Amino acid sequence: MHRQNFLIVLVLFGMALSGLIYLNSSQNNNRLIYLNSSQNNNSCYQHIPEQVVNKSKWKQTIVGLRSSPGLSYKQPSALVGRTDVASVTPWSAPIIWEGTFDATLIDSIYKQQNLTIATTVFALGKYTRFIKDFLESAEQHYFVGFRVHFYLFTDQPESVPEVKMGENRSLTVLKVQSLNRWQDISMNRMEKLEKLIENELAGEADYVFCLDVDTMFYGRWGAESLGRLVGVIHPWFFDAPRDQFTYERRPESLAYIPAGEGDYYYAGAAFGGTLEDVHNLTKTCREHLNIDAVKSIEAVWQEESHLNKYFLLNKPSKLLSPEYMWRGINEGAAPIKIVRFANVPKNYAEVRSNA
Ligand code: UD2
């Protein structure tokens with residue numbers, strides 16, 4: 001009897017021990033899986049609770065520049081390129097001019113990424129007259145073959161003309177309040193863009209470009225323009241010394257840039273990049289415009305002045321030459337081999353409500 005009891009206790013002890021061993025090993029397995037996944041994501045063995053992992057609210061753009069096997073294009077040269085213009089900034093950002101990229105190669109790389117390019121444009125008051133040419137010319141030249149979603153802000157949705165859009169291209173018309181001063185219309189764009197990116201574009205688009213409407217496309221504007229933060233060198237100042245740039249020069253304004261500082265003078269008429277970067281740009285400019293307004297100061301070129309200050313402190317990762325925002329189709333200048341996008345002539349006094 002004594003011996004039997006001993007055997008029962010021994011069997012029960014054995015069962016308990018093997019249970020413990022099993023539990024321990026399955027815990028270790030779980031932990032192993034957990035560590036492996038945290039290793040993949042964070043390259044470390046730390047215990048990181050899920051809720052701490054900061055998931056981006058923006059759609060993640062593919063960063064690799066994958067090329068297709070067998071693609072035929074001209075051999076790139078490490079020695080020969082454009083010598084009449086600078087094609088790189090002192091912070092190593094490319095400046096895009098005709099002759100600095102291969103359209104076939106660059107399209108083939110970016111088409112694999114299945115991108116959506118959001119594009120915003122504002123047409124209030126008499127500026128609705130520019131919509132048709134803007135959109136029709138965009139159909140001919142702007143990101144042809146890519147998914148493009150235009151967002152048109154207007155105070156007169158009823159006067160938006162019918163424009164036949166190609167496959168994978170769409171237009172959303174958004175009604176906005178009329179404003180009396182052209183300066184307010186121009187400045188107000190920053191806030192509208194900030195909110196659009198937050199409320200509509202997040203998770204939808206990969207890149208966003210914000211363009212003036214009194215413009216037309218005359219040549220290719222494509223994937224060579226894509227970058228994290230993209231500015232366009234202003235067509236009137238690309239060859240001017242920095243002290244002639246029309247930066248805001250009053251220290252009271254947050255757009256202030258003192259003499260002796262500044263890289264380039266950037267156009268307010270075109271800028272873009274990834275949602276995250278353009279959101280930060282528009283948010284910062286909107287905040288600075290508001291702070292200036294409270295102090296009753298309006299920068300000399302409104303939001304363009306604030307954009308220039310922003311780009312001084314947050315260098316663009318890619319610059320577009322004035323080919324991408326030229327003075328007009330009939331204007332020439334030696335380095336401009338192609339006009340891609342240009343202002344259309346307008347009578348300021350006639351077209352603006354308060355000229
Ligand atoms: C410059 C800039 C412009 C803006 C402005 C700020 C360039 C080539 N242009 O152009 O982007 O920074 O200075 O003062 O860099 N708009 C309307 N209705 C109006 C007035 C303006 O819809 O009644 C919109 C429209 O989208 C227009 C934009 O605001 O394209 C800028 O206005 P603008 O073209 O009259 O400004 P402009 O030519 O002085």
Side-chain angles (χ1 to χ4, degrees), residues 119-135 137-138 150-157 159-160 173-193 196 209-217 221 230-238 240 245-248 253 255 264-272 281-282 285-286 288-289 292-293 297-311 319-329 331 333 336 339-355:
T119 302
T120 65
V121 68
F122 289 70
L124 287 83
K126 292 184 179 170
Y127 281 61
T128 51
R129 68 178 62 168
F130 300 114
I131 299 171
K132 194 169 172 24
D133 284 348
F134 174 89
L135 288 174
S137 63
F150 292 97
Y151 293 85
L152 168 64
F153 294 82
T154 180
D155 53 354
Q156 305 148 68
S159 43
V160 175
V173 178
L174 300 159
K175 186 170 165 72
V176 288
Q177 195 195 341
S178 303
L179 292 167
N180 290 333
R181 295 173 69 242
W182 66 265
Q183 296 91 334
D184 289 333
I185 294 174
S186 202
M187 285 189 285
N188 199 247
R189 292 185 292 177
M190 287 296 179
E191 184 182 347
K192 289 279 181 285
L193 295 171
L196 181 84
F209 279 96
C210 313
L211 307 174
D212 267 15
V213 75
D214 53 323
T215 51
M216 268 181 76
F217 295 88
W221 177 322
V230 183
V232 182
I233 299 175
H234 199 288
W236 293 103
F237 299 100
F238 67 90
F245 293 167
T246 54
Y247 291 149
E248 173 54 59
S253 168
Y264 306 90
Y265 190 80
Y266 300 94
F271 56 89
L281 179 160
T282 52
C285 289
R286 190 263 303 158
H288 290 186
L289 283 158
D292 271 13
I297 187 160
E298 185 175 290
V300 58
W301 285 103
Q302 294 79 33
E303 83 298 337
E304 184 175 88
S305 306
H306 288 273
L307 178 80
N308 271 278
K309 179 65 175 282
Y310 186 86
F311 278 155
L319 275 71
L320 305 180
S321 69
E323 295 166 5
Y324 291 80
M325 181 65 258
W326 189 238
R327 303 165 187 172
I329 188 62
E331 299 254 359
I336 305 297
V339 174
R340 303 175 188 281
F341 184 58
N343 272 125
V344 293
K346 66 177 188 271
N347 176 346
Y348 281 91
E350 192 270 324
V351 85
R352 284 174 169 171
S353 50
N354 61 314

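Values below: every heavy atom of this structure, side chains too, minus hydrogens, waters and symmetry copies. One-based numbering, in listed order, for ligands and for the atoms of each. Since the model is a prediction, treat every value here as computed from it, not as a measurement.
The heavy atom nearest to atom 8 (C) of ligand 1, considering only A269, A299, S305, is found in A269. Evaluated by nearest non-hydrogen atom to atom 26 (O) of ligand 1, the leading choice among W301, F122, Y348 is F122. Here the shortest heavy-atom distance to atom 37 (P) of ligand 1, taken over R181, E304, R352, belongs to R352. If you check each of I185, I131, N343 against atom 16 (N) of ligand 1, the one with the closest non-hydrogen atom is I185. Looking at Y127, F130, W182, W326, it is Y127 that brings a heavy atom closest to atom 33 (P) of ligand 1.
Among all non-hydrogen protein atoms, the one lying nearest atom 12 (O) of ligand 1 is E303 OE2, 2.6 Å. Given atom 22 (O) of ligand 1, the protein heavy atom at minimum distance is L124 N, 2.8 Å. Of all protein heavy atoms, the one closest to atom 3 (C) of ligand 1 is D212 OD2, 3.3 Å.
Contact annotation: A267 has at least one heavy atom less than 4.0 Å from an atom of ligand 1. Between R189 and ligand 1 there is a heavy-atom distance shorter than 4.0 Å. Residue contacts with ligand 1 do not include K126, since none of its heavy atoms lies under 4.0 Å from the ligand. Ligand 1 has A123 within reach: a non-hydrogen atom of the residue lies less than 4.0 Å from it.
Proximity of the aromatic rings of W182 and Y348 is defined here by a centroid distance below 6.0 angstrom, and this criterion is not met. The distance between the ring centers of F237 and Y264 does not fall below 6.0 angstrom.
Formation of a donor-acceptor pair under 3.5 Å by the T154 side chain with backbone atoms of A123 is found in this model.
Between V213 and ligand 1, a contact under 3.5 Å exists for at least one N or O pair.
No side-chain heavy atom of F150 sits under 4.5 Å from any side-chain heavy atom of V121. Here the side chains of E298 and L289 are not in contact, with every heavy-atom distance at 4.5 Å or above. Between V351 and Y127, some side-chain heavy-atom pair lies under the 4.5 Å cut-off. Counting heavy atoms from C-beta on, the side chains of N180 and N354 never come closer than 4.5 Å. Between S321 and I233, the closest side-chain pair of non-hydrogen atoms is not below 4.5 Å.
Which parts of ligand 1 touch G268 is read off a 4.0 Å heavy-atom cut-off, strictly below it: atoms 11 (O), 12 (O), 15 (O). Atoms of ligand 1 found under 4.0 Å from any heavy atom of K346 (numbered from 1 in listed order, with element): 33 (P), 34 (O), 35 (O), 38 (O). Applying the 4.0 Å criterion to heavy atoms of S186 picks out, from ligand 1, the atoms 4 (C), 5 (C), 6 (C), 31 (C). Atoms of ligand 1 lying under 4.0 Å from at least one heavy atom of D214, given by number and element, are 27 (C), 30 (O), 34 (O). Residue Q302 has at least one heavy-atom neighbour below 4.0 Å for each of these atoms of ligand 1: 6 (C), 14 (O).
Salt bridge R129/E350: present, at least one basic N to carboxylate O contact under 4.0 Å. A salt bridge links E323 with R340: the closest approach of a Lys/Arg side-chain nitrogen to an acidic carboxylate oxygen falls below 4.0 angstrom.
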F134 and F217: CA distance, side-chain angles, deciding distance, ring pair (Phe, Tyr, Trp, His ring centres under 6.0 Å) verdict: CA-CA 7 Å; F134 174 89; F217 295 88; 5.6 Å; yes
